[in-house]
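For reference, the structure is listed below as structure tokens.
Values below: all heavy atoms of this structure, side chains included; hydrogens, waters and symmetry mates excluded. Computed from a predicted structure; not experimentally measured. Quick note: residue numbers are just sequence positions, from 1.
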Amino acid sequence: MKRVTSNAVATSHQAVSKTAASSNHIPPYRRETNPSEFQDPWWLGGAETFVPLSVDPKWINLDVLRSWMLTCICDHGPNCSPLEVLNGIPDWLIDVQDLCLVRCTGSHAYMALSYVWGQVPPSKTTEHKLDTSQESGTFSRAIMDGVIPKSVETTKSNIDIFQVPGAFSVANSDVIIPKTIRHAMELVKLLGERYLWVDRLCICQDDEDAKGPQIDIMGDIYNNALVTLIAANGWDADHGLRGIKGITEPRNLPPNAGDEYFKAIDPQSSVWYSRGWTFQEAFFSRRKLVFYYQTVIWECGHHTRHEAHGSQEVGKLSTNLQMHPGAYDRLLGRKAFTTRTLPFFHEYDLRVWMELVNHYNMRDFTFPEDAPRAFASVTNAFTRTAAPAGFIWGLPIDCFDVALLWIPQAHMERRRPRYHGSTVPPSWSWMGWQGTVMANAWYDVWNYKDALGENQRLSRWQTAIDETWPECVWYAVEEGKDGHDGTPSTEQFIPVMPGARPLRPMSCLFTEGWMATFTIRKEKEQTGELRGLFRDKVKGHPLVGPAGVSGLLITERDLNLEDGLNVECLAIANCPNAVVGRLARQVSVWDTKGFYHVLWLERNGYGQSQTFTRRGVGRIMKKQWDENEDKRLETIILI
């Protein structure tokens, strides 16, 4: 049977529209050939007839990679199609044939690169007015004249000259492109495509007016990529790929590497997987070629394959990078057969959302203050699909009072900015902490509903969660709209409610609410009704008040809290049930029904400049709260 070569696959470098790149409209040069022509007879068969292929220990078989791509494009349908609602496009692409930047339009089909930048230093460029004429020799003369210094990123000073054909030629040694990016450019050409998106070169790094919007739609960019190349090997962008004959160094596979060897490889153990910025890149990419541990793994919405499989249908591998794909596809609308009939704040959706948060929030950042921005594409995507009310610092506005009550699953580490003057992620959001949150902490929102009816939803925010009612209204402030002294005026407050969210909120919240003081008593046994305050039977610190044992307190850190420590709690919601959720009891050992959701807050500073930070979350029985005379109404600035 005929094996198609790279030249046969790449018979045209014409621009391919996003529509053409979908499974419903295959580009002409791909329609001419049946995908089966890319398979040798011994590649065929199901899992029950699988015979491992012999794998070259030095060089990757690019025909296998092409067959994976084409089979997916031709046969897999909506499971591997881009989400139509995520329709943002890159500003720039690398033309791997002309070796320069080109403006991206909706007619370009492109591949994307996901990699770790690491410690590769960007060279400084000086601003000069460059001759952008594309006449022969212009680029070379500019280098000879010293106009363009060594550079590994696009800036305002070089973006014009980078559009000149040959700008990224390997012959131009004064423009340094890290090996991983260089190898990806060559691989894209060998796979029959023409355009590649790489963040460092396709986003102008010192133009904030362009950079910010592009970062916000990075999910769109990866969603709309034909295939994402994931360079999971190495610790920085100079590590490069391995095993691409004529382009890179050979790889070094064991001579008898077979199915079991490939199955034992787990990209989740790589530096790439541990980095925060790569999360959205994997999450939104519909097709992935993963280069890791001298091998290549394919993953799409239909299946996963490695080189020993060839094109045989063998199902999913343990190396699967997709996180609960069916649930996310349902929320984001990828499944064509799915019709959403439930609001985002249905219990199932929130559990799925918290699982997504947990996948992300254990990852590392060189600059911890980047954590909110690296998650922006995810919240933007959900705002355009499942949660149109939006998010504030990763918390869904639809049920904001409950979202504030996220519960740490284990010890969490506070994120502190490395750059002086950077925005500190708030203590009241999970984004301000590194660690996992209980995925089922929001079970109590099972019956979340608008108490006044849908037609009044935007005029007055009043909600019920299993008959749980907010005790205070929260306000946010748009970034850059604070007063001259840094304090917002009353007119600048935006209520945190559906239909009225700030686009770029500051990291502080404002409210007025009731606070009460309780005392931690370690000797009080956490049994029976006290444990029942939290459905997950989490370990907490018993609280006592004037009326005796009152509730439980949970902290973000495994603090060795002093016995007898007084804590100030802000009541943010109340519930008439003794125990939460559908397991609610009608009586309790306190001879009362109902409890308050509370935040443990710590004061910072004094007077008008006083702020509060979140130290923990808890539940206090209503009778004990009401009988506590140490209550006061306070204005809260929560940071």
Does a side-chain heavy-atom distance below 4.5 Å link [X] with [Y]?
X	Y	result
L404	L395	yes
L543	R521	no
F400	F391	no
S427	R414	yes
I203	W197	yes
M515	F612	yes
W428	L509	yes
F284	L86	yes

Heavy-atom donor-acceptor pair, [X] side chain to [Y] backbone, under 3.5 Å:
X	Y	answer
Y110	C104	no
H359	L356	no
N223	G219	no

On a heavy-atom basis, which atom in [X] and which in [Y] lie closest, and how many Å separate them?
X	Y	result
T155	D206	CA-OD1, 3.4 Å
W272	A282	CH2-CB, 3.8 Å
P372	W393	CG-CZ3, 3.3 Å
P505	I392	CG-CG2, 4.1 Å
V473	T511	O-OG1, 2.7 Å
R286	P82	NH1-CD, 3.3 Å

Nearest 0.5 angstrom please: [X] [atom1] to [Y] [atom2], how far?
X	Y	atom1	atom2	result
E512	L570	CD	CG	11.0 Å
D216	K211	CG	NZ	12.0 Å
N87	N224	CG	CG	7.5 Å
R619	L405	CZ	CG	7.0 Å
T613	E602	OG1	CD	5.0 Å
S550	M621	OG	CE	9.5 Å

Please test Q434 against D364 for side chain to side chain donor-acceptor pair (under 3.5 Å), starting from the C-alpha separation and ending with a verdict. CA-CA 8 Å; Q434 182 179 13; D364 299 320; 2.9 Å; yes

Can you see whether [X] engages [Y] through a side-chain donor-acceptor pair at a distance of less than 3.5 angstrom?
X	Y	result
Y115	D199	yes
E281	S114	yes
S377	Q280	yes
T228	S285	yes
R275	T366	yes
N604	Q610	no

Distance under 6.0 Å and angle within 45° of ring axis: [X] vs [Y]:
X	Y	value
R200	W117	yes
R614	W600	no
R373	F365	no
R418	F367	yes

Intermediate values then yes/no, side-chain contact (heavy atoms from CB on, under 4.5 Å), T555 and R615: CA-CA 6 Å; T555 61; R615 293 290 305 277; 5.9 Å; no

Quick one: sort the F279 and F283 rings into parallel, tilted or perpendicular, breaks at 30° and 60°. parallel

Show every donor-acceptor pair shorter than 3.5 Å between a side-chain atom in residues 631-639 and any protein atom, with sequence neighbours excluded, or say none if there are none.
from, atom 1, to, atom 2, distance (Å)
K631, NZ, W625, O, 3.2
K631, NZ, D626, O, 3.2
K631, NZ, N628, O, 2.6
R632, NE, E634, OE2, 3.3
R632, NH1, T517, OG1, 3.2
R632, NH1, D630, O, 2.8
R632, NH1, D630, OD1, 3.1
R632, NH2, T517, OG1, 3.2
R632, NH2, E568, OE2, 2.3
E634, OE1, R603, NH1, 3.1
E634, OE1, R603, NH2, 3.1
E634, OE2, R603, NH2, 2.5

Just do the side-chain contact (heavy atoms from CB on, under 4.5 Å) check on C569 and L599 with the steps written out, would you? CA-CA 5 Å; C569 299; L599 295 178; over 6 Å; no

If a pair satisfies salt bridge (charged side-chain N to carboxylate O under 4.0 Å, His left out) and one of its residues is in residues 377-397, list it, with sequence neighbours excluded. D220-R384

What residues form a ring pair (Phe, Tyr, Trp, His ring centres under 6.0 Å) with Y606, not counting sequence neighbours? none

V357/W430 under side-chain contact (heavy atoms from CB on, under 4.5 Å): CA gap, chis, key distance, verdict: CA-CA 9 Å; V357 165; W430 56 263; 3.6 Å; yes

Is it true that atom CD of E629 has more than 12 heavy atoms of other residues, nucleotides or ligands lying nearer than 6.0 Å? no

Please walk me through it: do E471 and N574 pass side-chain contact (heavy atoms from CB on, under 4.5 Å)? CA-CA 7 Å; E471 286 290 313; N574 73 78; 2.4 Å; yes

Are F375 and W353 close enough that their ring centers fall under 6.0 Å? yes

